[in-house]
Amino acid sequence: MSMNRREFLKGAAVGGATAVAAAGASSEAQAITLMREPKERPEGALGLLYDSTLCVGCKACVARCKEVNHMPVEIYPDQSEWNSGTWDTAKDLSGKTLNVIKAYMNGTIAEKDRETDGFAFIKRQCLHCVDPSCVSACPVSAMIKDPETGIVSHDPDRCIGCRYCVYACPFGVPKYDFEGAFGQIHKCQLCNHRLPEGKMPGCVDACPTGATLFGRVEDLNKEARQRLSLKAGDAYTYPRGDISGAIERPRSPHEKVISAEYQQEVYGYDGPLGGTQALYLSAVSFNKLGLPHGTDNFGRKIPDHAYARETEGVQHFLYTGMIAPAAVLTALVLMAYRNSEKHTSEAEED
Amino acid sequence: MSTTHEHTPLGGRLVTPPFIFLVVICVLAAIVLTQRFVFGLGEATNLNDGYPWGIWIAIDLIIGTALGCGGFVMAMLVYILNKGEYHPMARAGLMTSLFGYTLGALAVMIDLGRWWQGYNIMFPWLWNANSVLLETALCIFAYIIVLMVEFLPAVFERFGMKEARRRIHRVLFVFTGLGVLLPMMHQSSMGTVVVILGYQLSPLWQSHLLTLHFLLTALTMGYAIVAFESITSSLAFRRPYEMSLLGKLSGIMAWVMLVFFIVRYLDVIRVGGFPLAFAGDFKAVSFWIELLLGVGAILCLMPKGLRESPRYVFLGASFMLLNGFLYRLNCYLIGYDPGTGYQYFPSMGEILVTLGIFALHIILYLAFVKNLPVLHATGPARATA
Ligand code: SF4
Ligand code: SF4
Ligand code: SF4
């Protein structure tokens with residue numbers, strides 16, 4: 001080594017600082033150069049449209065989801081006295097609950113769909129992301145996105161229970177069942193066991209108001225866009241069930257007068273986080289309902305792109321074709337060979 | 001003095017009072033593990049739907065393997081940068097790497113929620129090439145095998161297998177190369193693992209440069225653990241300090257630490273996280289402690305005069321270890337906010353298992369240095385501890 005250690009390390013210090021400065025020139029631009037190509041929603045993508053203004057909070061969908069997916073009811077430890085299992089009290093998604101209705105409440109909670117002194121409901125289940133973090137994260141391909149329907153399903157026979165998907169999902173969806181010795185990951189799979197039987201997802205089937213609709217994402221998006229322009233006092237005819245009316249029997253629509261105007265966005269269609277196949281409409285802002293939107297708890301912008309593009313970008317940059325590691329290894333081995341030669345000859349002298 | 005005779009076993013009694021204390025901790029950990037495997041993770045840990053990873057991952061694996069970086073950083077110095085003078089310290093580093101990585105892998109197996117099909121990770125047809133976690137897992141396995149091969153000469157020497165030792169020496173350079181590359185890949189990727197957390201990780205830690213930061217902390221912690229172990233074993237076994245080497249090593253440590261420090265905090269400013277350091281919350285406090293530990297390490301190791309003093313080198317190495325420790329804990333747990341009101345603090349059982357793994361590390365260290373030629377010969381050794 002001709003360069004002495006001090007110079008080498010000083011060089012490294014300067015180099016490191018330069019790297020940060022270069023990266024900092026535009027952190028957004030830097031992210032983009034290393035980001036993997038975005039993913040497109042499949043043409044035949046299936047999904048849900050949940051309209052918070054229609055939801056009456058009856059939780060029929062929660063009960064039906066449990067029924068059709070054979071999930072147990074949720075009894076929290078402090079309820080064991082009075083709850084023998086007839087009362088499902090799910091507050092959040094868990095190893096027992098694939099679908100939950102939560103409420104936003106503010107001040108006097110006087111009026112529905114109002115941000116101040118009001119309340120609103122939100123249905124939470126897997127959003128079947130266009131570019132899912134869970135699929136990118138899973139080491140053993142136990143999270144799978146169907147190339148045609150875009151449904152993200154889980155294969156417990158592959159899963160090793162590392163829970164990286166739980167950690168990585170930006171919507172807090174997959175949950176590991178911590179109870180018992182043989183836990184499993186649980187998440188909504190858009191009732192993909194019912195679709196081949198010609199049945200719609202349980203939650204959609206159960207919904208009395210059409211707050212949760214099922215169908216092709218393109219159709220759901222069209223429907224959702226029409227609602228955005230409605231003004232308070234307008235009457236609108238809301239469909240129920242499967243939006244195409246093809247699955248099971250067609251459901252009768254119902255008319256409702258708009259009382260609160262919609263947020264001017266179909267949440268999930270164009271993002272954030274790369275877009276989803278479960279779409280949301282709401283009168284109160286989406287982040288009030290607990291969906292990542294706008295800025296996060298720390299004041300950063302929630303990006304439009306999927307985080308998987310960032311990690312895979314770094315990963316592909318370093319490891320595509322294993323070219324860079326192979327080159328580094330060759331250099332290391334050559335240097336190790338040259339520098340250990342004298343040790344070898346010494347060893348042989350013994 | 002030829003290479004083969006540089007190292008000698010310390011000899012001495014293995015079962016001493018401190019040793020028994022360590023064994024007791026391991027037994028307690030084993031009891032918790034029985035509970036974990038019979039009744040499940042929920043019974044033994046405080047893991048929950050918001051915090052799927054706890055200290056078994058954040059400390060035992062993410063930090064534990066960093067403490068296992070002594071081998072690779074010393075190999076880099078001796079065989080790659082050709083600093084032959086550090087050769088006497090290389091083997092002890094190698095051995096701690098072997099333990100650090102093996103115990104890290106053990107922690108993963110304990111933590112796996114579906115351990116009975118953990119072998120799925122070995123099936124190439126299930127591999128998800130996009131998964132950063134897969135890469136880290138495969139690197140760990142490959143590196144443990146490489147470490148075992150790298151450590152074989154010590155075993156051959158112990159049992160006088162001269163022919164075997166000579167043969168392995170001829171191919172060892174390949175494993176030396178792998179033994180530097182694999183931990184670099186693994187350590188840096190453990191940084192990439194948390195990038196996917198996105199907005200769930202505070203901007204005090206979230207960055208596209210996490211990959212680089214984790215590589216740098218592998219270096220800081222790797223050098224620090226070598227110095228730390230050298231001094232503690234000198235104290236424990238009443239051997240003379242390896243001050244001539246330690247002094248020089250401290251110089252390297254100081255500069256590596258400075259590089260990490262500059263890169264890390266410029267990066268916090270770059271991502272706009274710095275204002276959060278004044279938020280007055282637990283995350284901010286943890287950020288400042290991490291930063292001060294870094295400053296402490298640099299102050300103890302940078303001035304040339306202090307490097308000759310075992311006390312300051314020890315202090316500096318300890319600060320450096322704690323800085324890396326806290327940095328990684330911050331990235332994986334403290335800076336993480338699932339945003340739904342979930343909380344996590346490790347259970348007694350989790351803490352016991354973590355302590356048990358560290359205790360096992362020390363037990364193995366004692367057993368090995370006393371019976372195998374790991375530490376370099378320094379005249380008559382008087383093993384007592
Ligand atoms: S919401 Fe979470 S679990 Fe569902 S597809 Fe997206 S990343 Fe996966
Ligand atoms: S817990 Fe299972 S599904 Fe989730 S990432 Fe790990 S192996 Fe994949
Ligand atoms: S689609 Fe099926 S699994 Fe998903 S929330 Fe609805 S009922 Fe539950």
Side-chain angles (χ1 to χ4, degrees), chain A residues 1 5 9 12-13 16-17 20 23-24 27 30-31 94 133 136-141 158-164 166-168 170 172 175-176 178-181 183 292 296-298 300 302 307-308 310-312 314-315 325 328-329 332-333 335-337 339-340 343-344 346-350, chain B residues 2-4 37-42 47 49 52-53 79-82 112-114 117-118 120-121 126 128 130-134 137 162 166 169-170 172-174 176-177 180-181 185 192 195-199 202-203 208-209 211 252 255 258-259 262-263 266-267 270-271 276 337-340:
Chain A
M1 280 273 135
R5 184 184 74 227
L9 286 161
V20 177
S27 71
Q30 183 255 358
S94 75
S133 293
S136 168
C138 180
V140 290
S141 314
R158 290 181 176 183
C159 175
I160 58 173
C162 68
R163 310 186 296 285
Y164 190 25
V166 184
Y167 200 39
K175 300 293 180 201
Y176 175 79
F178 284 103
E179 261 174 48
D296 64 27
N297 288 349
F298 304 107
R300 271 170 310 197
I302 302 276
Y307 290 125
E310 299 181 22
T311 44
E312 288 181 29
V314 174
Q315 197 72 353
V328 174
L329 181 63
L332 289 174
V333 168
M335 284 192 271
Y337 179 69
N339 295 330
S340 67
H343 300 298
T344 313
E346 278 168 27
E348 277 171 351
E349 277 157 23
D350 289 317
Chain B
S2 91
T3 328
T4 31
F37 282 107
V38 174
F39 301 107
L41 278 169
L47 296 174
D49 289 337
W53 286 0
Y79 296 104
I80 308 300
L81 300 178
N82 198 20
L112 278 190
R114 294 172 74 75
Q117 42 195 41
N120 278 352
I121 200 118
L126 291 181
N128 170 15
N130 291 324
S131 170
V132 186
L133 199 69
L134 174 75
K162 283 198 172 162
R166 197 167 309 168
H169 231 85
R170 291 219 183 95
L172 215 50
F173 65 94
V174 177
T176 306
V180 173
L181 177 73
M185 286 169 64
T192 322
V195 172
I196 206 163
L197 293 182
Y199 73 87
S202 158
H208 295 123
L209 294 182
T211 318
I252 302 181
W255 280 98
L258 188 67
V259 172
I262 294 170
V263 171
L266 279 182
D267 190 35
R270 176 185 74 92
V271 300
L276 284 162
D337 180 3
T340 29

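Note on naming: letters A, B, ... go to the chains in the order of the sequence lines (proteins, then strands), and numbering restarts at 1 for each one.
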Inset, instruction - Heavy atoms only, distances under 4.5 angstrom: which of B/L276, B/V180, B/V132, B/T176 has the most pairs with chain A? Name it, please. - result: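 Max contact count across the listed options: B/V132.
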Inset, instruction - Determine the option with the most heavy-atom pairs under 4.5 angstrom with chain A, choosing from B/P338, B/G40, B/P52, B/A137. - result: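 The residue among B/P338, B/G40, B/P52, B/A137 with the greatest pair count is B/P52.
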Contact leader toward chain B among [options], where contacts are heavy-atom pairs under 4.5 Å:
| options | result |
| --- | --- |
| A/C162, A/G161, A/A137 | A/G161 |
| A/D296, A/L332, A/V166 | A/L332 |
| A/G172, A/A308, A/P170 | A/P170 |

For the [atom1] atom of [X] and the [atom2] atom of [Y], what is their distance to the nearest 0.5 Å?
| X | Y | atom1 | atom2 | result |
| --- | --- | --- | --- | --- |
| B/I121 | A/I160 | CD1 | CD1 | 4.0 Å |
| B/T192 | A/E310 | OG1 | CD | 11.5 Å |
| B/L41 | A/F178 | CG | CZ | 6.5 Å |

Heavy-atom side-chain contact between [X] and [Y] under 4.5 Å:
| X | Y | answer |
| --- | --- | --- |
| A/Y167 | B/L197 | yes |
| B/L47 | A/Y176 | no |
| B/M185 | A/V328 | no |

Return the minimal non-hydrogen interatomic distance between [X] and [Y], and the atom names on each side.
| X | Y | result |
| --- | --- | --- |
| A/S141 | B/L126 | OG-O, 2.6 Å |
| A/A336 | B/G177 | CB-N, 4.4 Å |
| A/V333 | B/V174 | CG2-O, 4.0 Å |
| B/L112 | A/R163 | C-NH1, 4.3 Å |
| B/D49 | A/K175 | O-NZ, 3.2 Å |

Inset, instruction - Decide side-chain contact (heavy atoms from CB on, under 4.5 Å) for A/Y164 and B/I196; before the verdict, give the C-alpha distance in whole Å, the side-chain angles of both, and the deciding distance to 0.1 Å. - result: CA-CA 10 Å; A/Y164 190 25; B/I196 206 163; 3.5 Å; yes
Has [X] got a side-chain atom pairing as donor or acceptor with [Y]'s backbone, closer than 3.5 angstrom?
| X | Y | value |
| --- | --- | --- |
| B/Y199 | A/P292 | no |
| A/E179 | B/G42 | no |
| B/N120 | A/R158 | yes |
| B/N128 | A/C138 | yes |
| A/N339 | B/Y79 | yes |

Per-residue contact mode, [X] against chain A (heavy atom under 4.5 angstrom):
| X | result |
| --- | --- |
| B/T211 | side chain |
| B/V38 | backbone |
| B/L133 | both |
| B/P203 | both |

Inset, instruction - Verify side-chain contact (heavy atoms from CB on, under 4.5 Å) between B/V195 and A/V314, making sure each step is shown before the conclusion. - result: CA-CA 10 Å; B/V195 172; A/V314 174; 5.9 Å; no
